[in-house]
Amino acid sequence: MSTKNNAWEYADSIESASHINLRKQYGLYIDGKWVKPSSNKYFSSSNPHDEKHIADVSEANEDDVDRAVQAAAKAYKLWSKISAAERGKYIFRIARLMQEQARELAVIESLDSGKPIREARDIDIPLACNHFFYYAGWADKLEYAFPNQQKKPLGVAGQIIPWNFPLLMAAWKIAPALATGNTVVLKPAETTSLTALKLAEIIEASGIPSGVVNIVTGFGDTGAALVAHPKVSKIAFTGSTAVGKLIQKTIAGSNKKATLELGGKSANIIFDDAPIDQAVEGIINGIFFNQGHVCCAGSRLFVQENIAEKVIRKLKHRMQSLQVGNPLDKNTDIGAINSKEQLKIIQRYIDIGIKEGSEFFQTDCALPVQGYYCRPTLFVNVAQSSILAQEEIFGPVLTIQTFRTVDEVIQKANNSPYGLAAGVWTDKGSKIFNLTSKLKAGVVWANTYNKFDPSSPFGGYKESGFGREGGLHGLGAYLK
Ligand code: NAP
Ligand code: MG
């Protein structure tokens with residue numbers, strides 16, 4: 001374990017995390033002001049590591065959502081008219097302010113979501129800043145992005161995000177919407193509102209006109225009110241396939257545009273000519289990054305039969321070295337499961353797997369006595385028909401299947417209701433090209449996994465949703 005002499009490196013409690021500055025109670029950020037929720041109801045945001053209360057967060061009802069949308073509609077009249085270069089400057093300023101507060105944002109993200117500080121510090125927060133920088137650059141170049149197309153913004157974008165990458169998902173949503181001249185009402189997930197509220201403070205400090213960005217916190221019904229609001233022209237949703245289907249029903253027959261980024265059950269495929277040690281690292285990163293709370297997690301591993309024994313032996317050995325523990329410890333590899341509910345869901349799937357009789361392996365590391373923790377878990381020789389191989393678990397649980405031929409693995413990998421991502425590990429470029437064209441997945445990584453960049457589009461097929469975020473494609477989704 002690391003030493004406890006530096007709150008940044010190790011903080012047992014919120015009190016000792018001295019770099020952070022949080023309010024006791026957060027209002028809603030509407031029309032450039034912090035306002036009370038009209039119901040006067042607040043809910044607690046807590047730390048999944050020790051179940052301690054962090055801050056009170058406002059519960060927005062339909063009236064509050066209406067106030068936020070009206071403010072965004074009013075601000076749209078101004079924002080869509082100011083020069084594109086000016087819009088870019090505000091977005092750039094937001095990026096710079098985020099960068100200045102990156103350490104604090106990382107600590108808050110780790111505290112509120114349970115993700116390892118190392119991941120928040122090195123991946124989530126820098127990527128979130130980079131999304132703002134990237135889209136700031138596009139703001140005054142839209143005519144080059146879409147030559148001769150006379151593109152126009154859509155209006156008010158209603159944006160709803162999940163709890164696995166809270167600040168990063170806020171950045172994915174807000175940055176391209178602003179760059180294209182839209183205004184925004186964003187609803188974070190109920191268990192992870194705090195970095196979105198810190199972002200609201202940053203947005204306020206950027207001096208961007210009031211009402212251009214509004215942040216309303218709350219539960220599922222807050223999101224539903226945003227989706228149903230008649231003045232919202234575009235819904236950008238990241239979350240579960242079940243809620244994505246509800247949203248589609250609500251907006252059917254309306255003029256609302258939508259992008260839905262939903263669940264996944266992505267295949268990570270290892271051929272016998274792959275560099276095995278690198279592939280094992282890729283398997284670990286694919287499934288255990290962010291406790292497996294990753295929509296594109298490589299949760300179905302396919303290993304070529306003749307190397308399966310070797311790969312599984314090395315994988316188990318590597319898994320034993322993973323540190324599960326306090327997310328704020330910089331040596332932690334696997335942090336806390338985001339909520340008690342999510343831990344129950346994961347545990348239920350593990351119980352199903354054990355009952356089905358697949359070979360089961362869990363590391364024997366010690367877990368913190370309090371909080372929501374799950375050991376890294378494997379199921380070997382899982383049948384294609386098993387619930388474990390079909391449904392998204394959204395936790396540190398990997399299923400392993402074997403294959404003999406290329407055609408067989410393509411058929412098995414595509415045999416899923418989802419189509420978000422895939423990984424291919426091989427020494428042969430021709431095999432990579434063959435698979436990338438035949439796998440029904442929005443993103444295919446070759447000899448790597450879970451790599452993200454603001455310039456590359458992301459999104460799924462089938463029940464993983466539709467529309468693309470990131471890159472040039474991410475701009476198109478906010479224009480007509
Ligand atoms: P979720 O239950 O669908 O929640 C996502 C967001 O929608 C939350 O802000 C939630 O609010 C809100 N919400 C809930 N019910 C709603 C409704 N009826 N109408 C409008 N909004 C509603 O998903 P989650 O459990 O937070 O996240 C896990 C899921 O997200 C996984 O399935 C994962 O694969 C998917 N995901 C996909 C991607 C991608 O890019 N494809 C990325 C990340 C996550 P509350 O928090 O208050 O419930
Ligand atoms: Mg929390």
Side-chain angles (χ1 to χ4, degrees), residues 47-49 105-128 130-131 161-172 188-189 191-192 194-196 238-240 261-266 268 281-301 318-319 322-343 345-346 349 363 365 367-368 371-378 392-398 420-421 423 443 445 448-453 458 464 469-470:
N47 179 350
H49 164 64
L105 288 168
V107 173
I108 295 171
E109 196 75 306
S110 178
L111 270 176
D112 199 24
S113 74
K115 70 173 62 217
I117 186 67
R118 215 179 44 217
E119 291 179 9
R121 183 192 63 191
D122 298 346
I123 300 169
D124 290 58
I125 309 303
L127 262 180
N130 285 348
H131 269 269
I161 56 173
W163 43 260
N164 53 348
F165 294 94
L167 187 71
L168 183 57
M169 287 300 114
W172 276 33
T191 56
T192 54
L194 298 181
T195 46
T238 298
S240 61
E261 304 267 18
L262 310 175
K265 189 79 185 175
S266 300
N268 202 1
E281 285 309 306
I283 297 165
I284 295 275
N285 173 39
I287 186 63
F288 300 123
F289 172 50
N290 199 31
Q291 298 73 248
H293 303 328
V294 181
C295 49
C296 51
S299 52
R300 286 186 298 152
L301 178 66
R318 177 67 178 89
M319 280 167 68
L322 295 173
Q323 301 271 344
V324 183
N326 188 344
L328 284 181
D329 183 338
K330 70 177 167 38
N331 291 332
T332 290
D333 298 302
I334 299 186
I337 300 302
N338 179 258
S339 65
K340 197 182 260 175
E341 290 66 37
Q342 188 60 27
L343 182 58
I345 292 169
I346 297 166
Y349 279 112
T363 64
C365 62
L367 296 185
Y372 318 135
Y373 285 95
C374 180
R375 291 192 175 86
T377 305
L378 287 187
E392 182 180 50
I393 301 173
F394 224 55
V397 181
L398 180 68
L420 194 53
V443 178
W445 284 291
T448 187
Y449 207 94
N450 275 338
K451 285 275 182 292
F452 306 96
D453 189 89
F458 186 89
S464 293
E469 291 184 313

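Because the structure is a prediction, the values reported are computed rather than measured.
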*Out of curiosity, Leu301 CG to Leu378 CG, how far, rounded to the nearest 0.5 Å?*
8.5 Å
*asked:* Test your reading of the model: is there a side-chain donor-acceptor pair from Ser464 to the backbone of Leu262, 3.5 Å cut-off?
replied: no
*Just by distance, do the side chain of Glu109 and the backbone of Asp124 share a donor-acceptor pair under 3.5 Å?*
no
_Measuring only between side-chain heavy atoms, which start at C-beta, is Glu341 closer than 4.5 Å to Thr191?_
no
_Nearest-0.5 Å distance, CG of residue Leu194 to CD1 of residue Ile108_ = 7.0 Å
*Pair Phe394-Ile345, side-chain contact (heavy atoms from CB on, under 4.5 Å): steps then yes or no*: CA-CA 9 Å; Phe394 224 55; Ile345 292 169; over 6 Å; no
*Pick out which of Pro396, Ser299, Pro376 makes a side chain to side chain contact (heavy atoms under 4.5 Å, CB included) with Ile287.*
Ser299
_Expected output: side-chain Arg118 to main-chain Asp333 donor-acceptor under 3.5 Å_ = no
_Residue that, paired with His293, satisfies ring pair (Phe, Tyr, Trp, His ring centres under 6.0 Å) out of Trp163, Phe165, Phe288_ = Trp163
*Closest heavy-atom contact between Lys115 and Ala120?*
CD-CB, 4.1 Å
*Evaluate the side-chain contact (heavy atoms from CB on, under 4.5 Å) criterion for residues Leu420 and Lys265: first the C-alpha distance (whole Å), next the side-chain angles of each, then the deciding distance (0.1 Å), finally the verdict.*
CA-CA 7 Å; Leu420 194 53; Lys265 189 79 185 175; over 6 Å; no
*With the side chain counted from C-beta on, respond yes when Asn326 and Pro368 share a heavy-atom pair under 4.5 Å apart, and no when they do not.*
no
*Rounded to the nearest 0.5 Å, how far does CG of Leu398 lie from OG1 of Thr377?*
9.5 Å
*Closest heavy-atom contact between Pro188 and Ala196?*
CG-CB, 3.7 Å
*Using a 4.5 Å cut-off on heavy atoms from C-beta on, say whether the side chain of Val107 contacts that of Ile117.*
yes
*asked:* Side chains of Gln291 and Cys374, heavy atoms from C-beta outward: is any pair under 4.5 Å?
replied: no
_Side chains of Asn164 and Asn290, heavy atoms from C-beta outward: is any pair under 4.5 Å?_
yes
*Heavy-atom closest pair, residues Leu343 and Tyr373*: CD1-O, 3.5 Å
*Test log, rule side-chain contact (heavy atoms from CB on, under 4.5 Å), inputs Leu168 and Phe452*: CA-CA 11 Å; Leu168 183 57; Phe452 306 96; 5.9 Å; no
*Go through Gln323 and Cys365 one step at a time and tell me if the side-chain contact (heavy atoms from CB on, under 4.5 Å) criterion holds.*
CA-CA 7 Å; Gln323 301 271 344; Cys365 62; over 6 Å; no
*If every non-hydrogen atom of Asn450 is compared with every non-hydrogen atom of Cys296, which pair is closest and at what distance?*
OD1-SG, 3.5 Å
*Is any side-chain heavy atom of Tyr349 closer than 4.5 Å to a side-chain heavy atom of Val397?*
no
_Any Arg318 side-chain heavy atom under 4.5 Å of Glu281 side chain_ = yes
_Student check: side-chain heavy atoms of Tyr372 and Asn338 closer than 4.5 Å_ = no
*Gly282 to Tyr449 - nearest heavy-atom pair and separation*: O-CB, 4.0 Å
*Main-chain N/O of Gly335 paired with Thr332 side-chain donor or acceptor, under 3.5 Å*: no
_Asp453 side, atom CG; Asn130 side, atom CG - distance, nearest 0.5 Å_ = 7.5 Å
*Return the minimal non-hydrogen interatomic distance between Leu328 and Ser110, and the atom names on each side.*
CD2-OG, 3.6 Å
